[in-house]
Amino acid sequence: LQNINTRQAEARETVFRVVEITEDTVDPEVWGKNFPLQYDSYKRTVDTVRTRYGGSESFQKLDQDPRLRIIWNGYPFAVDFREDRGHAYMLVDQRQTERVKQFNQPGACLNCHASVVDAFRKAALKGGLPADKVHTSEALFEGFKIINKMPYAEATQLVDHPVSCLDCHDPKTMAVRITRPAFINGIRALAESKDPVPHLPSLERWRQGNRATPYDPNTDASRQELRSMVCAQCHVEYHFAKPDKTLTFPWHNGLKVEQIEQHYKEVGWKDWTHKDTGADVLKAQHPEFELWSQGIHARSGVACADCHMPYTRVGAVKVSNHHVRSPMLGVAQACQTCHRYSEEEIKARVAVIQDRTKKLMDSAEDAVVGLIQAIQTAKAAGASDEALARARELQRSSQWRMDFINAENSQGFHAPQEAARILAEAIDLARQGQLEVVKITPRPTSR
Amino acid sequence: LQNINTRQAEARETVFRVVEITEDTVDPEVWGKNFPLQYDSYKRTVDTVRTRYGGSESFQKLDQDPRLRIIWNGYPFAVDFREDRGHAYMLVDQRQTERVKQFNQPGACLNCHASVVDAFRKAALKGGLPADKVHTSEALFEGFKIINKMPYAEATQLVDHPVSCLDCHDPKTMAVRITRPAFINGIRALAESKDPVPHLPSLERWRQGNRATPYDPNTDASRQELRSMVCAQCHVEYHFAKPDKTLTFPWHNGLKVEQIEQHYKEVGWKDWTHKDTGADVLKAQHPEFELWSQGIHARSGVACADCHMPYTRVGAVKVSNHHVRSPMLGVAQACQTCHRYSEEEIKARVAVIQDRTKKLMDSAEDAVVGLIQAIQTAKAAGASDEALARARELQRSSQWRMDFINAENSQGFHAPQEAARILAEAIDLARQGQLEVVKITPRPTSR
Amino acid sequence: MTDKNGTRWRWIGIAAVVLVGVLVGTGAYTAQRAQALSYLSNDPKACVNCHIMRDVYDSWQKAPHHAAAVCVDCHLPHDFVGKWLAKAENGWNHSKAFTLQNFHEPIRIHAKNAAILEHNCIGCHQNLIGGVLQAQTSYGQAHAEYAADDKGAHLGCVNCHKDVGHGP
Ligand SMILES: [Ca+2]
Ligand SMILES: [Ca+2]
């Protein structure tokens, strides 16, 4: 035990607080004075290393896979869509994307691209919230409401940092906390739904309770659940609900791809009307939380932070690695504590899963493009809207499924079989759409 | 106290032999005198309990899912196809199936439905093999050759037992051994192929060696590998190669569904010509070993016997449970040694995987039936063989994939994502086939 | 074990317990014969006096800690009183279970002992993880959550280090 004891002094320093941190400490550098190890790793999210299917190099995905331009035709994503990178870039990347430069976007975009806690509170005060309520969740909900509907150009001036300590931590206890109203609304809707969520025991417990007060992640969720929920404030599918551009997570029927589709149907939502086909279609965005929820890791209580912020030994202490990135860049910490295989073996297993997903993704995109072109031709040949109705419906649902896995960032890893199932349905529906179209278009004379 | 003494006694009494067992001891009851615990469990394979998707009740699958009659039209399987049950029934079930009663079958069928070791040797002697060679593998290969091509009615009189101790064990050492020539040929072909087999390290080692002698499972395979290979003598896809009805495992390009398809293409194999469509199609049979090979358990070194013959404590000794059956009927021994979850939770996880597979299987069967009916209609309408050629090819490959997972007995559990991938391809190919057909058939007037 | 055996053991077991209840002396004798008294020792070999402990003993020897910690370092409280209380309780439980043969297999650690276990992890590794722990008052709820479920809602050491005691 000698070696353990000798590290004592070193160990104590780690929790000695140099400066006082309060709810008004926005600048991560100040927090870094008390928690230098976490701050050091936090800063390293500027790194830009590439992996087989992920990594942090922000290349243009539309050039890598031109089919996407056809599939998203008429929507901003067809103009600019890049590989995501570290948290350090979230604000600049949003400000600089052509999706913002060439199109009008609301302040709602900022919810997930900046440290907004302080901005929300200030906006609420300006909006008339009594000063003594500034640190309540009411303040956050107020600011949320106000900033969502602002024009992006105006709203973005209210923030200076990417997601920061204050967004994820209670400055007093350093416990992880939930600060995003959109997530609180979303998880409540989920709690009230009937979708079984064995991977979120606290929701199941709440459902069995008297439901007097609505589900509240900050008081009801376990520490391990929070290690995922904190990420689920942003790494989720979303839309801006009318009339106030309210950032909304569509979990009212459950987290599965068809349950979300069902919700969009119920509220009559479409993201845009496809330019070539005239179909009212949906765009999926980063449903990491939703797909992870269907996987074996979630079911086994393995949180986002376990793999993306694994404990890392620094000298005599271990800290959560705040260099949030692809686990493939640090398999030793991210995987090997639980999986006692060589790094090569672990990487090979991931490759098998992701390669399978990629192959299916290609088939799915081909099928969707095939359908789009078929409808386009039929339309040109004069097919009526009535005649095209069914085919357009099939485009909407096939494209939605294909896009769901395409937008999800683990290339199927978070739930391999579920990802394959979803792509299989995408293919089936797109091909059925083509059969619909053939029924109504003049047949190319053959035989 | 009584039983503490008893158990301390038991602890000592484990390997005491009452009778002598030799290569000529065919009757399991005799072996049972030395190994009563294994024999007791062996006899229990007569049980007939049902599980969600498996179990041991030999109901008629054609009634449960009538689509199969259409898909297999013109082939014996369309007449009789039942749920499989315990090893105790393998011989009677084969003798009594309508596939044997109504159709001529070869002796080759017996390879996997009886204790054939002794029968093979006797046949070899009769065939002129010198008596001193009777216990060599040469003898087994000789008998194999002779009995394969016999008519079933004649051959089946040469055997009296279902798979028995002698088939799987060396009577001297009790070590597990490989006795089936078809497997030895098959695994050699696989060793000589380029398909990576990380789950079979001894093959990888042999490949790196000088290859002076062909791969031999009985000398080269590890004990853990043998715990799966012994099952892979029967739980595999097969066909009876011309001209001698040689039982053959199609692993020459690898174990994956498309690699097997490729081999059948190379040797110009078809199982039958589909009655409704005239397509030359394939029938898959129980590719448990092949699918398991693509899964995470195989990759993690988990053998068939680990789940289907788990060590079970009887008093003071642990024995391999020879009541080979669905692990869902004994989750504690089969799974909990590795997975620290409650029985309910483990069963729920399996259900999730199998339900997903079932859903995709339904879509795949619908698509294949759709294609079959489309070709049938086109044919009736006078479409030429040339015109139908491509659609028939697509039927062959889509039906092959759908059938591969349908014939596999774990409802996708042995490799969940791979099973979903295969079904996705089945759907894609079948729907493409339908599109082919529409091109060449008079279009039902709509619009 | 087969059901047949199961019931047989159970009957003999109940008989045994009645006996124990009546004659404390016999109780001691049972424990004696079962070497449950070996709980009074810290020597791992004491634990394997029960063949049923053989697997864990073997796996412990292969696991990372065999040089660092013995059974009782991890499985029994380190404070004097608690240690002897637990020894008494577990010693009794295990002897009883061993006699009745009515325990779940594979053997699984009980919630109470899992909490003791984690306490011992921290006891030895305080320095390394102190930063993590003290930074999170939410850690306090950890032990409370043990009852919760077996799906890892509780973030115990063993969630990530399941191999430390007995290997993979
Ligand atoms: Ca990225
Ligand atoms: Ca069965």
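None of the values given here were measured: they were computed from a predicted structure. Residue numbering restarts at 1 for every chain, and letters A, B, ... go by the order of the sequence lines.
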J.: Answer with side chain, backbone, both or neither: which region of C:Ile52 has an atom nearer than 4.5 Å to a non-hydrogen atom of chain B?
T.: side chain
J.: Would you indicate whether B:Glu57, at its atom CD, is surrounded by more than 12 heavy atoms from other residues, nucleotides or ligands within a distance under 6.0 Å?
T.: yes
J.: For C:His110, does the NE2 atom have more than 12 heavy-atom neighbours from other residues, nucleotides or ligands under 6.0 Å away?
T.: no
J.: Determine the minimum heavy-atom distance between C:His104 and B:Ala332, stating which atoms define it.
T.: NE2-CB, 4.2 Å
J.: Which heavy atom of B:Gln336 sits nearest a heavy atom of C:Glu105, and at what distance?
T.: OE1-O, 4.4 Å
J.: If every non-hydrogen atom of C:Asp55 is compared with every non-hydrogen atom of B:Lys318, which pair is closest and at what distance?
T.: OD2-NZ, 2.6 Å
